[in-house]
Engineer: 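Sharing a structure here in structure tokens format.
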Amino acid sequence: MWDLLVIGGGATGLGVAVQAALEGRRVTLVEARDFAAGTSSRSTKLLHGGVRYLAQGRWRLVRGALRERATVLALAPHLAQPLAFVVPGRGWWSWAWTGLGLKAYQWLSGRMSLGPTTALSKAALLRCLPGLPRMLAGAVAGMRYWDGQFEDARLALALAKTARQAGASVHNHMRVTALAPSAQGWQVSLFNERDGQTSTLQARCVVNATGVWVDALRQMVLQPWAGQEPVKALVKPSQGVHMVVARESLPIQEAVLIPRTADGRVLFAVPWLGATVIGTTDTPRSDAPLEPLPMQEELDFLFRETRQALGVDLTRADVRSVWVGLRPLVDKVQGGVTSQMSREHLIRREAPGLFTVTGGKWTTYRSMAAQVMHAMLEHHDLPSAAQGPAKTGQHRLVGAPEAGQAVHAISEAPGLHLWGSEAALVQALPGAERDLGMGLTEAMVRFAARNEWALTVEDMLARRWRALFLDARQAARMAPAVAALLQAETGIDPQLDAFLALCQRYTLAD
């Protein structure tokens, strides 16, 4: 009998598992694919308060997210760090309006500010962004402000390790096949893809934290009770596309934000792991595929905005990887435009001991988890923890270096530093000097297989090491050697062919 079963190994589910485990509860987490395999590894790599929500008057939402931003940066400084953003102004009125909003953004952060918001003359803009002269030709001035950047997939992995260290039982590649109420709470049937075995467990409470797919699980559980009435969906999926190019193709050391594009969204160009990420789109979807593809109009939009707003002409051949993430936007107003919908989250008690949590964003994963646990206490589905609510804001994540220790910038090429304080453990394994490509060593693969739940080539080259997201063609070249190592370490088929097919989906044809 478990106190709590968490279904979903993204940011939200992992946050709940950490919170519950640190409170001394018996908690288990299952993820059907891999940790952060969905939305949580496909973000724009920003920990932010939501600048655009200021225009919607959501001041409390922004302030709460800014508080959480500061907390996350302190929990894993090797994976989450401050980053400067430059905003060019094409007219004095738009520059002044943007500057006012960014000043308010800094004011809301208070003592949690990451740096000053400053006005930039045109000459200062040129010094900040020497590689973008065509963009700056039409700018009258600019602003610089500070926000957070992170490596999302490895931060999710750090949460999984922290939950395990606190006593949670954490599993990827384990799928829920049935969920039904029982005398003691909930009976859950599971299928383990690692060994093909099925199992059953009992849990007092269940949290549905499956992101954009929460409605599929709700349908499975609630439809028998609903009779002829369909279970009303909670989430309206929205698709966001990101393109990655070599840093030389879009040479920036600081991030660039274009406040308003043709569809009313912001456009980002962000230095990340030695490359540059360009995004993002916002396209409503009626479905939620596991591997969504970019639509041609989305790609056309990104190429056009990069040319018009950033002054850089890119071709399909310049794009080393393109990935698509689905945002779980809470559908509070049917028919709402997704670019105007808030990332506010929803916690809903579906039945005694059964909770759904959806929406939100990476920055606020920790506060969402605390609210989920509080909801269970409020409804008396779980008793209060003997030591009270866990202080997760003070519990540094596994791998976090000692306070004050120097760290590598997330904008730099990936390396051993991404393991933080575990780097020495990685280096102690065989193959520490054998490079498999892009800085990945044999020892890193062995460590991921032994200590980080890596089972398939996709687990390793998409999330333990971001090769697929940085250069899909290079990832395909590295895949056979990685597959052989994983096969030797785990004795399980690493699904090489499936990964090679996935690489094709992340590549744009010339």
Side-chain angles (χ1 to χ4, degrees), residues 43-73 80-129 132 135-136 138-150 252-272 276-280 282 305 308-311 339-340 342-344 361-364 410-411:
S43 72
T44 314
K45 318 308 176 194
L46 303 179
L47 289 167
H48 62 98
V51 173
R52 69 188 180 97
Y53 298 144
L54 289 179
Q56 301 174 12
R58 298 179 177 272
W59 296 76
R60 286 186 61 189
L61 175 69
V62 174
R63 181 162 176 79
L66 288 170
R67 186 184 307 114
E68 288 303 309
R69 179 191 70 178
T71 300
V72 178
L73 292 177
Q81 301 157 4
L83 178 69
F85 286 71
V86 175
V87 187
R90 296 195 170 277
W92 289 110
W93 172 250
S94 63
W95 170 80
W97 182 249
T98 298
L100 183 65
L102 293 176
K103 282 288 189 181
Y105 191 63
Q106 184 195 353
W107 175 76
L108 281 174
S109 65
R111 61 181 178 82
M112 300 166 290
S113 172
L114 304 181
T117 296
T118 55
L120 299 173
S121 66
K122 187 162 184 175
L125 269 178
L126 288 168
R127 290 193 295 272
C128 291
L129 303 170
L132 301 179
M135 178 191 78
L136 300 179
V140 297
M143 298 294 297
R144 179 196 274 124
Y145 76 101
W146 290 82
D147 234 326
Q149 179 184 38
F150 73 132
I252 54 174
Q253 297 302 318
E254 300 182 357
V256 180
L257 181 150
I258 304 300
R260 189 171 183 83
T261 61
D263 74 344
R265 284 187 59 80
V266 298
L267 179 75
F268 288 101
V270 180
W272 178 70
T276 300
V277 178
I278 305 166
T280 177
D282 196 312
E305 291 296 332
Q308 294 178 355
L310 301 178
S339 64
Q340 300 301 317
S342 169
R343 297 296 296 276
E344 284 181 286
K361 56 186 176 183
W362 244 115
T363 313
T364 56
I410 296 298
S411 58

Engineer: How close do Pro116 and Trp146 get, heavy atom to heavy atom, and via which atoms?
Structural biologist: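 Nearest heavy atoms, Pro116 then Trp146: O-CD1, 3.4 Å.
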
Engineer: Kindly determine whether Leu54 and Leu108 satisfy side-chain contact (heavy atoms from CB on, under 4.5 Å), including the steps that lead there.
Structural biologist: CA-CA 10 Å; Leu54 289 179; Leu108 281 174; 3.5 Å; yes

Engineer: Might you point out which heavy atoms bring His48 and Arg69 nearest each other, and give the distance in Å?
Structural biologist: CA-CD, 4.4 Å

Engineer: Taking the side chain from Gln81 and the backbone from Ile410, do they hold a donor-acceptor pair closer than 3.5 Å?
Structural biologist: yes

Engineer: Minimum heavy-atom separation for Cys128 to Leu120, with atom names?
Structural biologist: SG-CD1, 4.1 Å

Engineer: Contact between Gln106 and Tyr145 at the side-chain level, heavy atoms closer than 4.5 Å - yes or no?
Structural biologist: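 No. Closest side-chain heavy atoms not under 4.5 Å.
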
Engineer: Is Lys361 reaching over with its side chain to a backbone N or O of Gly49, donor-acceptor style, under 3.5 angstrom?
Structural biologist: yes

Engineer: Between Ser109 and Leu114, is there a side-chain heavy-atom distance shorter than 4.5 Å?
Structural biologist: no

Engineer: How close do Val140 and Gly91 get, heavy atom to heavy atom, and via which atoms?
Structural biologist: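 The answer is CG2-C, 3.7 Å.
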
Engineer: How long is the span from the CD atom in Gln253 to the CG atom in Leu83, to the nearest 0.5 Å?
Structural biologist: 10.5 Å

Engineer: Would you name the heavy atoms of Ala80 and Leu73 that are closest together and state the gap between them?
Structural biologist: C-CD2, 3.4 Å

Engineer: Taking Arg90 for the side chain and Ala309 for the main chain, is one N or O donor matched with an acceptor at less than 3.5 Å?
Structural biologist: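 Checked: pair present.
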
Engineer: Using 0.5 Å steps for rounding, measure from the OG1 atom of Thr364 to the CG atom of Leu66.
Structural biologist: 11.5 Å

Engineer: Once rounded to the nearest 0.5 Å, what's the spacing between atom OG1 of Thr363 and atom CD of Glu68?
Structural biologist: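 Thr363 atom OG1 to Glu68 atom CD measures 9.0 Å (nearest 0.5 Å).
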
Engineer: Just wondering, do Met135 and Leu129 contact through their side chains at under 4.5 Å, heavy atoms?
Structural biologist: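 Yes, close enough: below the 4.5 Å cut-off.
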
Engineer: Considering the options Thr117, Val256, Asp147, which one meets the side-chain contact (heavy atoms from CB on, under 4.5 Å) requirement together with Phe85?
Structural biologist: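 Single pass found, and it is Asp147.
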
Engineer: Could you grab the distance from atom CD1 of Ile278 to atom CD1 of Ile252, nearest 0.5 Å is fine?
Structural biologist: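 That separation rounds to 8.0 Å.
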
Engineer: Could you give the distance from CG (Leu102) to CG (Leu257), rounded to the nearest 0.5 Å?
Structural biologist: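 Going from the CG atom of Leu102 to the CG atom of Leu257 covers 7.5 Å.
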
Engineer: Hey, does Leu46 have a side-chain heavy atom less than 4.5 Å from the side chain of Phe268?
Structural biologist: yes

Engineer: What class does the angle between the rings of Trp92 and Trp95 fall in, given that below 30° is parallel, 30 to 60° is tilted and above 60° is perpendicular?
Structural biologist: perpendicular

Engineer: Just how far is it from atom CG of Leu125 to atom CZ of Arg144, taken to the nearest 0.5 Å?
Structural biologist: 9.0 Å

Engineer: Might you point out which heavy atoms bring Thr280 and Leu267 nearest each other, and give the distance in Å?
Structural biologist: N-CD1, 4.5 Å

